[in-house]
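One-based numbering, in listed order, for ligands and for the atoms of each. Only a predicted model underlies this, so the values are computations on that prediction, with no experimental measurement involved.
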Amino acid sequence: VTDVAPTDVDPEVDPELVWSDIRLALAIERLGFPVVAQAVGLARTTARDQRQPTTPDGIVTAALRLLPAPATGLRQVVNATGALLHTNLGRAPLSQAARDALQQAAGLVDLEIDLSTGSTGVRGRSAMAALAAAVPDAQAAHVVNNNAAAILLAATTLAQDREIVISRGEMIEIGEGFRLPVMLTSTGARLREIGTTNRTSLADYATAIGSDTAFILRVHPTNFAVTGFTSSVPVAELATLDVPVVVNLGSGLLAPDPVLPDEPDVASALRDGAALVTTSADKLIGGPQAGLLFGRADVVARLRRHPVARALRPDKLTLAALEATLRDPDTPTRKALYADATRLRERAEQIADTLREKSVDATAVPTMSALGGGAPRVLSSYALSLPPGYLAHLLQGSPTIVGRVEAGRCLLDLRTVPPQVDDIIVASVLAIAGHR
Ligand SMILES: *Cc1c(COP(=O)(O)O)cnc(C)c1O
């Protein structure tokens, strides 16, 4: 195009207008600043050389076309559901330290070599050391692919052709039809069901155990609550019986946390006498998908030696991200858990005010957040409330913003949204409302 009048050409488009475009911020998040800056520079010089009319929007659009396509079909999403650990969204978002560790482990690393001798060494030595430091009450620890694998390994190793004693109140389904009792019996273990849905006593356990008992299994229900006329037996009392106690904690606090007074933790279960405790690494620990086993040295050694252990072992990326998470536990999950409700209200009101100025029907409303999808809502929070039609549009946006509909309104719960994403929410809602 050569017949453009010189007045149409703006060789010095205001860089500030270019860089304030939300699409570039998202591209930097995905690809890093240098790659994006290079594309913007090229877009500007191309426009200048071809003497084309340019606007900030035109520069950004041209720059985006120069960027490499995403290497995966997975789309980035903002979790505004209010469920801290949403399994459908990949559970815990990793800390910066864990992301850096992933990057480093992507190449070749001393995963399983002793550098002082050059011969085979302990696999994931430094991750194992981080686990030991995080839970000093454990004599030994082991890492597998997820918590389901941890329970599978325990049942396969300790209870094949033998009995697992379990309360009827703990025969749970976790998600997507994953039923714990079915997985346990698939290992060749037999279940000895005791007690009732709401009440199980120490005497129920004592009468059930015998020479065929491999272990007692305690399962902490994470996605439902039984209230009213209930009773269960504390681990400390079960440990007085003459069989090992295996505890599946699910969510996986490593130590007691004042924000979650009712959430059991690994250290306390071990101190109460559990032989083995299993947790997910991508729930409250806030790390990558993995299953952690802590417990007595002799029990963990048996699990490690079982042939199935090899099929359940995690890769170098998981071990690297797990170690980084354990060494610096200030994860996005922890930040969401500890977010102050007053600050969440201020953020919600500020976003709502900005949107109302542009005539969007937006308000700030109190709400409750949960630890997981479908879990009881236990944390007070604040949400941006929009007309319900926004939900589907926000799901189609880039980035995708996942909220929920409650009482006929689309709620975006800010507890699970990092504060630096507030501007993206404003920009996305305005774009849907037709302001761009
Ligand atoms: C989440 C959960 C599991 C499954 O853990 P994965 O790491 O997803 O395999 C098992 N038991 C309980 C109680 C849970 O909450």
Side-chain angles (χ1 to χ4, degrees), residues 81 83-94 98 131 141-156 159 164 166-187 189 191 197 200 215-226 232 235 245-254 257 260 262-266 268-269 274 276-295 303 308-309 311-315 317-319 321-322 325-326 331 333 337 370-378:
T81 62
L84 262 67
L85 300 154
H86 207 298
T87 300
N88 297 358
L89 304 181
R91 291 208 187 138
L94 295 182
L131 277 175
H142 185 57
V143 187
V144 289
N145 272 322
N146 52 25
N147 191 20
I151 302 159
L152 185 80
L153 184 59
T156 304
I164 298 172
I166 181 169
S167 162
R168 293 191 172 89
E170 299 175 14
M171 315 257 301
I172 63 173
E173 173 167 323
I174 287 137
E176 306 120 22
F178 171 54
R179 293 185 165 169
L180 191 64
V182 177
M183 190 190 73
L184 289 170
T185 52
S186 79
T187 67
L191 295 188
T197 311
T200 303
F215 58 81
I216 291 171
L217 180 62
R218 279 300 313 266
V219 181
H220 173 61
T222 46
N223 54 359
F224 70 100
V226 178
S232 59
V235 172
V245 179
V246 176
V247 182
N248 166 19
L249 285 185
S251 299
L253 279 179
L254 294 179
D257 193 314
L260 298 170
D262 298 328
E263 194 67 29
D265 67 281
V266 177
S268 304
L276 202 60
V277 183
T278 76
T279 69
S280 299
D282 54 353
K283 291 186 180 172
L284 290 172
I285 293 172
Q289 179 188 304
L292 309 181
L293 293 130
F294 299 92
L303 303 189
V308 157
L312 306 178
R313 77 179 191 185
D315 72 333
L317 298 177
T318 299
L319 291 171
L322 176 64
T325 304
L326 293 170
T331 59
T333 300
L337 189 58
L371 296 187
R377 300 199 166 266
V378 291

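For Thr156 (side chain) and Leu153 (main-chain N/O), no donor-acceptor pair under 3.5 Å exists by modelled atom type.
Considering only heavy atoms from C-beta on, Leu371 stays 4.5 Å or farther from Thr222 through its side chain. You'll find the side chain of Leu317 stays beyond 4.5 Å of the side chain of Pro288, heavy atoms only. Considering only heavy atoms from C-beta on, Asp282 stays 4.5 Å or farther from Leu85 through its side chain. Within the 4.5 Å cutoff, side-chain heavy atoms of Met183 are placed close to those of Leu152.
Of all heavy-atom pairs between Leu191 and Met171, the closest is CD1-CE, 4.2 Å.
Closer than 4.0 angstrom to ligand 1 by heavy atom are Arg91, Asn146, Asn147, Ala148, Ile172, Ile174, His220, Thr222, Asn248, Gly250, Ser280, Lys283, sorted by chain and number.
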